[in-house]
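Every heavy atom of this structure was used, including side-chain atoms; hydrogens, water molecules and symmetry mates were not.
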Amino acid sequence: MLEISEPEGPQDTGHALYVVATPIGHLSDLSERARHLLLQVKWVAAEDTRVTKVLLQSIGASARTLTVHQHNEREAAQSIVDKLRAGDSVALVSDAGTPAISDPGALVVEAVREAGFRVVPLPGPNAITTLLSASGLPANGFLFDGFLPVKTSAREERLRHLLAAQQTLNCNVVVYEAPHRIAELAAVLDARLAGDQRVVIGRELTKRFEQIVDLQAGQVATWIASDPNHLRGEFVVAWGPAAPEAAVDVERVDRAAMKAIPVGELLDALLAHLPASRAAKLAHQLTGLPRDLIYRELNNSKSGPDSDGQ
């Protein structure tokens with residue numbers, strides 16, 4: 001039985017930095033505690049004060065606002081510490097959801113703690129847990145990586161590390177994505193994940209046009225392209241771990257087996273039209289040979305003739 005005893009929790013009084021989670025879409029998701037706190041504080045530090053003023057006005061709050069974003073966070077942190085020293089309380093919010101989670105705020109919290117003032121979190125909405133709670137993905141932990149890098153090479157490198165960590169930990173991966181890059185992410189997932197690997201996409205969570213779709217990795221690009229509306233809004237994307245492959249002793253699969261299926265010729269043909277990761281994935285699906293052997297042969301294709309001269 002859940003028992004709640006209000007006096008045992010931290011008191012929302014006195015000058016402190018209050019880290020306040022705000023709705024990610026549905027205004028009614030603002031907690032009563034958060035509403036009460038925002039009505040009391042003198043200052044609200046916000047990523048975009050125009051967005052936050054709409055929220056404050058909707059609840060009748062008259063707090064003054066100051067801007068905290070990725071380009072001024074250190075300076076803003078000092079300003080917040082100065083306000084706390086003057087005896088004022090400050091609420092830290094982001095445009096939506098929980099501050100300092102793939103958003104500015106961590107430097108502010110660090111500076112306030114180092115200055116010796118209290119930091120009081122007010123929990124609430126978060127897009128990551130919102131999607132995972134409705135995804136049906138295995139409840140065995142997750143890796144969250146925010147927004148993937150924009151540049152193709154950096155994105156490939158980040159995904160390589162994420163997928164390696166996912167395989168080791170056998171967990172889910174969650175990322176954010178912007179609408180103008182969701183099609184690129186779909187293409188990358190199609191190339192890098194197993195075709196039947198589960199991908200759950202949350203679009204416009206808690207908002208009017210909310211969608212949560214459960215797909216296989218090979219279906220994501222088609223779903224994105226099937227409706228112009230699927231390119232709109234804010235996205236949270238999660239994918240589950242790949243099904244474990246049957247254990248294979250790679251060293252016992254000899255070169256005769258490789259020559260029985262002309263993997264090298266197949267890879268050469270695929271590499272003429274596809275990126276290396278996509279070519280390797282298709283070769284694995286077509287031949288059924290272990291991934292380690294496929295990637296070994298891929299390296300041979302890149303470096304030249306086999307050591308045996310064939």
Nonpolar side-chain network containing F209, other nodes, edges under 4.5 Å:
none
Pairwise side-chain contact, H230 with Q211, heavy-atom cut-off 4.5 Å (strictly under)
yes
Should E156 and R192 count as an ion pair when the cut-off is N to O under 4.0 Å?
yes
Can you find a heavy atom in the side chain of V199 that is under 4.5 Å from one in the side chain of V213?
no
Stepwise, does the side chain to side chain contact (heavy atoms under 4.5 Å, CB included) test hold for V188 with L148?
CA-CA 11 Å; V188 171; L148 294 173; over 6 Å; no
Apply the test side chain to side chain contact (heavy atoms under 4.5 Å, CB included) to residues E204 and F235: give CA-CA distance (whole Å), side-chain angles for both, the deciding distance (0.1 Å), then the verdict.
CA-CA 7 Å; E204 293 289 87; F235 294 85; over 6 Å; no
Look at E210 together with K207 and state whether they make a salt bridge at an N to O cut-off of under 4.0 Å.
no
Does some side-chain heavy atom of R155 sit less than 4.5 Å from a side-chain heavy atom of L159?
yes
Quick check: does any side chain N or O of S58 sit under 3.5 Å from a backbone N or O of L55, one acting as donor and the other as acceptor?
yes
Please give me the minimum heavy-atom distance between T98 and P125, naming the atom from each residue.
OG1-O, 2.9 Å
Considering only NZ, NE, NH1 and NH2 on the basic side and carboxylate oxygens on the acidic side, decide whether R35 and E32 come within less than 4.0 Å.
yes
Examine distances only and state if a side-chain atom of R203 and a backbone atom of L231 form a donor-acceptor pair shorter than 3.5 Å.
no
Can you confirm whether V237 sits close enough to I182 that some side-chain heavy atom of one is under 4.5 Å from a side-chain heavy atom of the other?
yes
Hydrophobic side-chain clustering at under 4.5 Å (ILVMFWY, transitive links): who's grouped with L131? Put none if nobody.
I24, I101, I128, L132, L137, F142, F144, F147, V174, Y176, V200, L205, I212, V236
Heavy-atom closest pair, residues G141 and C171:
O-CB, 3.6 Å
List, by chain and then residue number, the residues other than V112 in its hydrophobic cluster (Ile/Leu/Val/Met/Phe/Trp/Tyr, side-chain heavy atoms under 4.5 Å); write none if there are no others.
L17, V19, W43, L66, V68, I80, V81, L84, V90, L92, V108, V109, F117, V119
Sub-3.5 Å donor-acceptor pair from the side chain of N140 to the main-chain atoms of N170, do we have one?
yes
Is there a side chain to side chain contact (heavy atoms under 4.5 Å, CB included) between D88 and H15 once you walk through the steps?
CA-CA 5 Å; D88 295 335; H15 56 290; 5.8 Å; no
State whether the side chain of H69 and the backbone N or O of D48 hold a donor-acceptor pair below 3.5 Å, judged by distance alone.
no
For Q167 and A164, indicate whether the former's side chain and the latter's backbone hold a donor-acceptor pair under 3.5 Å.
no
I'd like to check R64 versus V44 (side-chain heavy atoms, cut-off strictly below 4.5 Å). Are they in contact?
no
Using only atom types and a distance under 3.5 Å, with no angle test, would you say the side chain of T49 pairs donor to acceptor with the backbone of T65?
no
